[in-house]
Each structure stands twice: as structure tokens, then as C-alpha cells.
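As a basis for the values below, the full set of heavy atoms in this structure was taken, side chains included, without hydrogen atoms, waters or symmetry mates.
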Amino acid sequence: MRASSLNGNSSCLLLGSIVRSCDSLALGSVWSPLKARNPTKTAGLLSCKSMSTNSPVVRVKEKIDLTEKEKMIFDRLLATVGHFDLSTRLRVAGGWVRDKLLGKECYDIDIALDDMLGSTFVDKVTQYLASTGEEAQGLAVIPSNPDQSKHLETARMRLYDTWIDFVNLRSEKYSENSRIPTQMDFGTAEEDAYRRDLTINSMFYNINTSSVEDLTGRGIDDLRSGKIVTPLAPKETFLDDPLRVLRAVRFGARFSFTLNEELKRAAASNDVKDALAAKISRERIGTEVDLMVSGNEPVKAIAYIYELQLFWVVFSLPHEHELTLPQECDRLCLAYMDAAWSLQQLIGSSSLIDEQRRLSLYAALFFPFRTITYKDNKGKKIPIVNYIFRNSLKRKASDAETVVSVHSAVARLLSLIPFLESNGDGKLNEDGMGTELVDIPASSKLRVLTGFLLREVKDFWRVALLISVLAYPSPIGCSEDAMLKHNELDKRKEVFQAVENAILKLGLEKIWEVKPLVTGKDVMNILQLKYGGPLVKEWQQKLLAWQLANPAGTADECLEWMRQTHSKRIKME
């Protein structure tokens with residue numbers, strides 16, 4: 001089995017002596033905010049190879065080559081400067097410069113201005129375009145919000161179908177014992193560069209001179225040597241904007257770069273963790289996490305979050321409730337995500353689309369939480385996974401609903417896998433199915449049970465299958481040897497493919513799109529009822545079971561079966 005690490009070269013994360021199944025762990029660890037702030041370190045955790053300082057050697061281009069569209073955009077901006085006889089220097093900042101130097105295309109263009117606000121310059125561009133018969137598109141101004149560490153107003157517009165953000169270069173002054181600026185002035189490009197999150201993101205492309213400016217003197221060198229470093233002292237940089245901790249993690253994972261040792265110490269400090277929890281909106285944290293999970297190295301990113309002791313800050317739980325969690329639950333979450341990611345690579349891209357891959361990683365990450373609930377203000381039990389999505393990460397409701405649905409499907413799917421894998425041999429466990437299967441032939445019950453399950457989880461049934469396979473025939477992490485052997489994952493891949501093929505062979509692909517043959521009104525007519533109710537719902541489930549058992553059946557046959565079955569029940573009563 002591929003063992004994940006922060007730099008891709010260690011097996012420290014999935015040691016079976018530490019990582020165990022959530023089912024086999026004693027649920028005796030009570031989570032509290034105090035414990036989350038100062039988690040107990042696992043012996044040897046920060047000394048394992050995953051924190052190695054070996055950095056890759058990265059190929060960096062000598063100059064930036066512009067696309068034709070970029071040339072057109074920059075020409076329009078320079079023409080605006082000339083048209084109004086401005087002395088403004090236009091610089092592309094941040095990620096665009098980094099990616100172009102790495103030979104990658106980037107469509108996220110941020111323009112830094114040295115003598116005016118972004119909104120002022122956008123007005124000038126709009127006026128210039130109008131003078132040439134062109135029309136500006138998508139104009140917007142996003143105000144600053146210092147309380148959430150967003151210190152700059154941003155103006156936005158579209159040019160040649162490309163979004164462009166405009167901000168001014170900045171210089172800041174702070175009061176004693178505060179990281180919220182008391183005075184914001186126009187700064188020099190060098191001052192602005194040192195206020196950036198990372199040296200690799202601090203470089204500019206000067207549009208006026210068509211040249212790269214590395215004003216910290218480290219950007220290109222750190223890019224070449226694959227290092228994640230802050231321009232100023234890391235603690236100062238992180239307290240200025242604590243979200244930069246997660247950005248450092250994301251870029252370190254994305255490029256497989258090495259986090260600077262001083263940066264790691266600052267990121268794990270209580271001051272920075274407190275600032276991240278207090279100053280940064282949950283939406284911004286959730287956006288960073290989603291970019292990590294959707295990225296090319298999701299496990300590496302979450303591993304950094306774990307090892308920097310940020311897990312419970314990012315995936316915060318309700319403070320007003322004491323929750324019983326599995327021991328070392330954060331490490332177990334990471335182990336499941338690593339296994340799911342590895343299994344995805346073995347299965348290949350054909351089985352899961354991007355959205356399914358993304359949510360399967362969330363489902364794996366939060367799998368140890370699947371049975372844990374808390375009570376809301378009305379006393380209703382809410383899955384803790386729902387809280388993490390909706391409150392901790394402020395993600396869309398559909399993400400939470402899908403992952404909770406996947407977790408709910410796993411237990412039932414685990415009971416079906418042996419029969420799907422062996423083409424239906426053996427006696428099925430019909431627990432929890434009520435009376436739906438009472439009148440269904442034994443030979444059809446596997447199709448009926450599987451069909452009901454797929455109708456609930458819909459397009460994400462392969463995600464539920466992937467997560468189920470991690471716990472079948474036994475949960476991951478039962479022994480160190482099992483976790484480190486590649487053939488363990490190969491076996492799980494074979495199970496996934498066997499069950500997937502069995503479901504397709506049963507003709508259940510897209511079964512959730514098949515409409516019931518019989519309506520509630522039809523049921524009421526046969527039962528001679530004026531109003532619907534539990535009895536009608538019960539019969540609708542029975543009729544759906546008949547339909548799943550008889551895929552070629554007609555509505556008339558289904559109704560006739562109901563009449564006969566109902567008549568027999570009446571006689572027996």
C-alpha cells in the first residue's frame with residue numbers, strides 16, 4: 001500500500017499500531033475546546049520522515065512568455081495609462097507570476113497599482129474602453145474588511161473573457177500589541193512584496209517594463225529549491241492574516257514543496273491558532289480546505305494540517321457540547337482519507353467524476369465521525385458531519401447531505417458486498433427492511449435491497465462503495481503489515497470492481513431515475529381509502545420492491561399483484 005507523507009517519501013501516517021478502525025476503538029475520548037487547542041502529541045510524530053527538509057529542484061523559466069490574450073489585456077491597460085497621461089506602474093502580482101515562471105498557464109490576474117485605488121483605475125479603464133467603442137463588463141468593488149484580515153479594497157472587471165482584480169500597493173502601520181493596521185498608505189512595490197504571504201507569491205511582473213521583479217530577493221530562489229517561506233518572520237506574517245497558514249499548507253502540498261522549519265513552529269503556535277479561529281471567517285477557511293481537497297495532493301495538505309496541530313481549529317466541533325470521539329480521531333480521519341485517495345488512484349478516473357472524487361475524500365476524512373451526533377436547540381439529533389460542513393467550513397448544504405447519506409449507506413452496503421461479490425450466494429440479512437421483502441422471491445431480494453439503497457444515495461453510490469470497501473472485509477489499519485502492503489489495496493480494488501460490475505449486471509445503473517409504475521392514488525383506490533397515510537406509504541414501498549424484483553413488469557401487472565396480495569392478507573386476518 002502506498003504510505004502517504006508530507007513530502008511523499010515516508011510511511012509514518014498509516015502505522016497500524018497507531019491507526020485503528022473507528023469501530024474497534026473505545027469511544028472514551030471526550031472532545032473539548034481545551035483539549036483541541038493543546039492536543040497530546042503522539043510519540044515521534046514530529047520527528048518522522050514526513051517532516052524532512054529535503055526539497056525538490058524545480059525548473060523555473062528565465063522569462064515570462066505571454067499568451068495572445070494576455071498581450072491584448074496588458075496593451076489595453078497600458079493604453080489607459082497613456083490615454084490619461086498617468087504615471088501609474090502596473091504590476092501583475094502573486095500566483096500568476098509564480099505559475100508563469102513554472103511554465104503553467106494561469107487565468108487569475110491580479111494587478112497591483114502604485115498610486116491609486118483599484119476602483120479609481122477601473123473607472124479609467126471603463127472610460128477608455130468607452131472612447132474606443134468597447135464596453136466594460138462585470139464591474140464590481142469588494143470592500144476591505146480588516147476584522148476578517150482583508151485589508152484591501154479590490155476592484156474587479158472582465159477583459160477579453162478574463163477576470164482581473166485591481167488593488168493598490170500597500171504599506172501599513174500598527175499600534176502596539178495589535179496586528180490590525182492603524183494606518184494604511186500607498187506603499188512601494190518592495191514594501192508590498194514583504195507583506196505577501198509567501199516568497200514564491202511575492203514576485204511581480206512589471207507590465208510597463210515587461211520584466212519580473214523579485215523584490216524580496218528570495219522568490220525565484222525559493223521557487224527553484226521548492227521551499228515554502230514567508231517574506232517576513234512567519235509569526236508576524238501569520239498574525240497579519242492567519243489564513244496565510246492554510247495558504248502555506250495548500251501551496252506546500254500543491255507543489256510538493258517543503259515548509260520552512262520556523263514557519264512550521266509559528267503555524268503550530270497557540271497565538272496563531274487562536275488568531276486563525278478568531279479573525280478568519282469560516283467561509284474563507286472552508287474555501288481553502290475545499291481547494292486542498294479538490295487539489296492534486298489532498299492527503300498531503302490535510303497531513304500538514306494534522307501535523308501542525310491545526311486539525312481541530314479547522315474542523316471545529318460545537319463548543320457547547322461534550323462529544324465522545326474515538327481515540328486519536330484526527331489521525332484516524334487522515335488515515336481513512338489517505339486510503340481512499342490511494343484506492344482512487346488504483347481504480348482510475350473512469351469510475352468517479354471530479355465531484356464524486358472530491359466528496360469521497362470528505363466522506364473518508366469524516367468517516368470516524370459517522371455515528372456521532374449532537375442535539376440542537378430543539379433537541380433534534382444532528383450528525384456532527386453536518387455541523388462540520390455547515391458551521392466549521394460553511395460549505396453548501398448539498399455537500400453535507402451527500403456525505404451524511406453516503407455514511408448512512410455504508411453500513412447497509414457492507415452487508416450486501418459479500419453477496420454482490422459472490423453473485424448472490426448465501427442468505428441475505430433483511431434487517432431494517434420492514435415488510436417490503438415479505439412477498440418477494442428469494443432470487444430477487446438482492447436486486448431489491450441493492451436497488452433501494454441506490455435510490456437513496458443516487459449518483460454517489462460508487463462513493464458509498466469506495467468508502468465501504470475501506471471497511472471490508474475488515475477496517476483499515478488493523479495491523480502495521482496490512483497498511484504497508486500494496487496488495488492490501490489491490491484486494492480492495494478487486495472487491496470494488498467486482499461489486500460495481502455486479503450492480504451493473506443487475507441493471508441498477510441510474511435506477512433512481514426510474515419512476516414508480518403505480519401512484520399513490522392507484523393505491524388508495526385499491527385500498528378504498530379517501531386519504532393517504534402510513535398504509536399508503538407502506539404499500540408504495542411494497543410496490544416499488546415488486547417493480548425492482550420485476551424490471552420488465554408493467555403497471556397493470558403491478559396493480560394485479562397488489563390486488564391479489566391485499567386479498568390474501570384480508571382473508572388471513
Check: Leu466 and Leu343 side chains under 4.5 Å, non-hydrogen atoms: yes
Give a yes-or-no answer on whether the side chains of Asp165 and Thr154 include a donor-acceptor pair shorter than 3.5 Å.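 The criterion, which ignores hydrogens and geometry beyond distance, is not satisfied for Thr154 and Asp165.
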Donor-acceptor pair, Glu191 side chain versus Thr188 backbone, under 3.5 Å?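 Judged by distance alone, yes, a pair lies under 3.5 Å.
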Between Phe166 and Phe121 (judged by ring centroids, cut-off 6.0 Å), do the two rings come close enough to count as a pair? yes
Side-chain heavy-atom pair Asp114, Arg91 within 4.5 angstrom cut-off: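 SC-SC contact between Asp114 and Arg91 confirmed.
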With the side chain counted from C-beta on, respond yes when Val141 and Glu153 share a heavy-atom pair under 4.5 Å apart, and no when they do not. yes
Side chain to side chain donor-acceptor pair (under 3.5 Å) with Lys100: which residues, sequence neighbours excluded?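 If we apply the side chain to side chain donor-acceptor pair (under 3.5 Å) test to Lys100, skipping adjacent residues, the hits are Glu70, Glu105.
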Can any side-chain N or O of Lys279 pair as donor or acceptor with the backbone N or O of Leu239 at less than 3.5 Å? yes
If you take all heavy atoms of Ala363 and Val403, which pair is closest and at what distance? CA-CG1, 3.8 Å
Salt bridge check, Asp214 against Arg218: does any charged N sit closer than 4.0 Å to a carboxylate O?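 No.
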Closest non-hydrogen atom pair between Arg224 and Val60, with its separation: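 Taking every non-hydrogen atom into account, CG-CG2, 3.5 Å.
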Side chain Asn206, main chain Ser210, donor-acceptor under 3.5 Å: no
Residue pair Met116, Leu86: steps toward the side chain to side chain contact (heavy atoms under 4.5 Å, CB included) verdict: CA-CA 10 Å; Met116 69 176 66; Leu86 304 174; 4.0 Å; yes
Scan Tyr336, Phe369, Phe460, Phe367 and name whichever one has a ring-ring contact (aromatic ring centres under 6.0 Å, His included) with His407.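 Among the candidates, only Phe367 passes.
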Nearest heavy-atom contact between Leu215 and Tyr194 is O-CE1, 3.8 Å
Kindly determine whether Trp341 and Gln344 satisfy side chain to side chain contact (heavy atoms under 4.5 Å, CB included), including the steps that lead there. CA-CA 5 Å; Trp341 175 250; Gln344 281 187 19; 3.9 Å; yes
Provide the closest heavy-atom pair for Asn386 versus Ala400 in the form atom of the first, atom of the second, distance. OD1-CB, 3.5 Å
Could you check whether Trp96 and Phe74 have their ring centres less than 6.0 Å apart?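 When the ring centroids of Phe74 and Trp96 are compared, they turn out to be within the sub-6.0 Å range.
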Going by heavy atoms in the side chains, are Phe257 and Val58 under 4.5 Å from each other? yes
Does Lys71 pair with Asp75 as a salt bridge, N-O distance under 4.0 Å? no
Partner of Tyr205 under side chain to side chain contact (heavy atoms under 4.5 Å, CB included), chosen from Leu101, Val92, Ile111: Val92
Flag side-chain contact, heavy atom, 4.5 Å: Thr216 against Met203: no
Spell out, as yes or no, whether a donor-acceptor pair under 3.5 Å connects the side chain of Arg98 to the backbone of Ile200. no
What distance do Thr80 atom OG1 and Asp123 atom CG have between them, rounded to the nearest 0.5 Å?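 The CG atom of Asp123 is 11.5 Å from OG1 of Thr80, to the nearest 0.5 Å.
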Return yes if a side-chain donor-acceptor contact under 3.5 Å exists between Asp290 and Tyr362, otherwise no.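 Yes, because at least one side-chain N or O of Asp290 sits under 3.5 Å from a partner of the opposite role on Tyr362.
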Could you tell me whether Arg254 sits above the aromatic face of Phe251, with NZ or CZ closer than 6.0 angstrom to the six-membered ring centre and within 45 degrees of the axis?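 Ring-cation test returns no.
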Verify side chain to side chain contact (heavy atoms under 4.5 Å, CB included) between Ile64 and Val212, making sure each step is shown before the conclusion. CA-CA 8 Å; Ile64 286 178; Val212 173; 3.7 Å; yes
Testing Val245, Thr237, Ile228, Leu308 one by one against Leu263 for a side chain to side chain contact (heavy atoms under 4.5 Å, CB included), which residue passes? Ile228
Does Arg156 reach the side chain of Leu139, with side-chain heavy atoms less than 4.5 Å apart? no
Give, for atom CG of Asp115 and atom OG of Ser87, the distance between the pair rounded to the nearest 0.5 Å.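 Nearest 0.5 Å value for the CG-OG distance: 4.5 Å.
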Is there a side-chain contact between Val406 and Leu359 (heavy atoms, below 4.5 Å)?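 No. Closest side-chain heavy atoms not under 4.5 Å.
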Say whether, by atom type as modelled, one donor and one acceptor occur between the side chain of Asn208 and the main chain of Arg89 under 3.5 angstrom. no
Under 6.0 Å from the six-membered ring centre of Tyr160 and within 45° of its axis: does the NZ or CZ of Lys69 meet both? no
Ser316 versus Ser392, side-chain donor and acceptor atoms under 3.5 Å: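 Side chains of Ser392 and Ser316: pair found under 3.5 Å.
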Is it the case that the side chains of Glu456 and Ser405 hold a donor-acceptor pair, with the cut-off being a distance below 3.5 Å and no angle test? no
For Glu320, I'd like to know if atom CD has over 12 heavy atoms of other residues, nucleotides or ligands within 6.0 Å. yes
Nearest 0.5 Å, what's the CG-CD distance between Leu169 and Glu190?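 One finds 11.5 Å between CG of Leu169 and CD of Glu190.
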CG of Leu361 to CZ of Phe366, rounded to nearest 0.5 Å, is 11.0 Å
Taking all non-hydrogen atoms of both residues into account, name the closest pair between Thr209 and Ser211 and its distance.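 Residues Thr209 and Ser211, closest heavy atoms: OG1-OG, 2.7 Å.
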Would you check, one step at a time, whether the test side chain to side chain contact (heavy atoms under 4.5 Å, CB included) holds for Asp459 with Gln356? CA-CA 8 Å; Asp459 271 316; Gln356 292 165 347; 4.1 Å; yes
Run the salt bridge (charged side-chain N to carboxylate O under 4.0 Å, His left out) test on Arg358 and Asp399 for me, step by step, so that the C-alpha distance in whole Å, both residues' side-chain angles and the decisive distance to 0.1 Å come before the verdict. CA-CA 10 Å; Arg358 181 180 72 90; Asp399 283 358; 2.9 Å; yes
Run the salt bridge (charged side-chain N to carboxylate O under 4.0 Å, His left out) check on Asp338 and Lys300 step by step: do they pass? CA-CA 9 Å; Asp338 188 12; Lys300 192 173 291 187; over 6 Å; no
Any donor-acceptor pair under 3.5 Å from Arg282 side chain to Val314 backbone: yes
Is the side chain of Thr402 donor-acceptor paired with the backbone N or O of Ser398 at a distance under 3.5 Å, no angle test?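 Yes; judged by distance alone, with no hydrogens or angles, the pair exists.
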Quick one: pull up CZ in Arg247 and CZ in Arg196 and give me the separation to the nearest 0.5 Å.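 So the CZ of Arg247 and the CZ of Arg196 are separated by 9.5 Å.
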Give a yes-or-no answer on whether the side chains of Glu134 and Thr132 include a donor-acceptor pair shorter than 3.5 Å.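 Their side chains do contain a donor-acceptor pair, which is all the 3.5 Å distance test asks for.
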At their closest point, which heavy atom of Cys329 faces which heavy atom of Leu325, and how far apart are they?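 In this case the closest contact between Cys329 and Leu325 is CB-CB, 4.3 Å.
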Around atom CZ of Phe84, are there more than 12 heavy atoms of other residues, nucleotides or ligands at under 6.0 Å? yes
To the nearest 0.5 Å, what is the distance between CZ (Phe389) and CZ (Arg395)?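 Nearest 0.5 Å value for the CZ-CZ distance: 9.5 Å.
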I'd like to check Val293 versus Met337 (side-chain heavy atoms, cut-off strictly below 4.5 Å). Are they in contact? yes
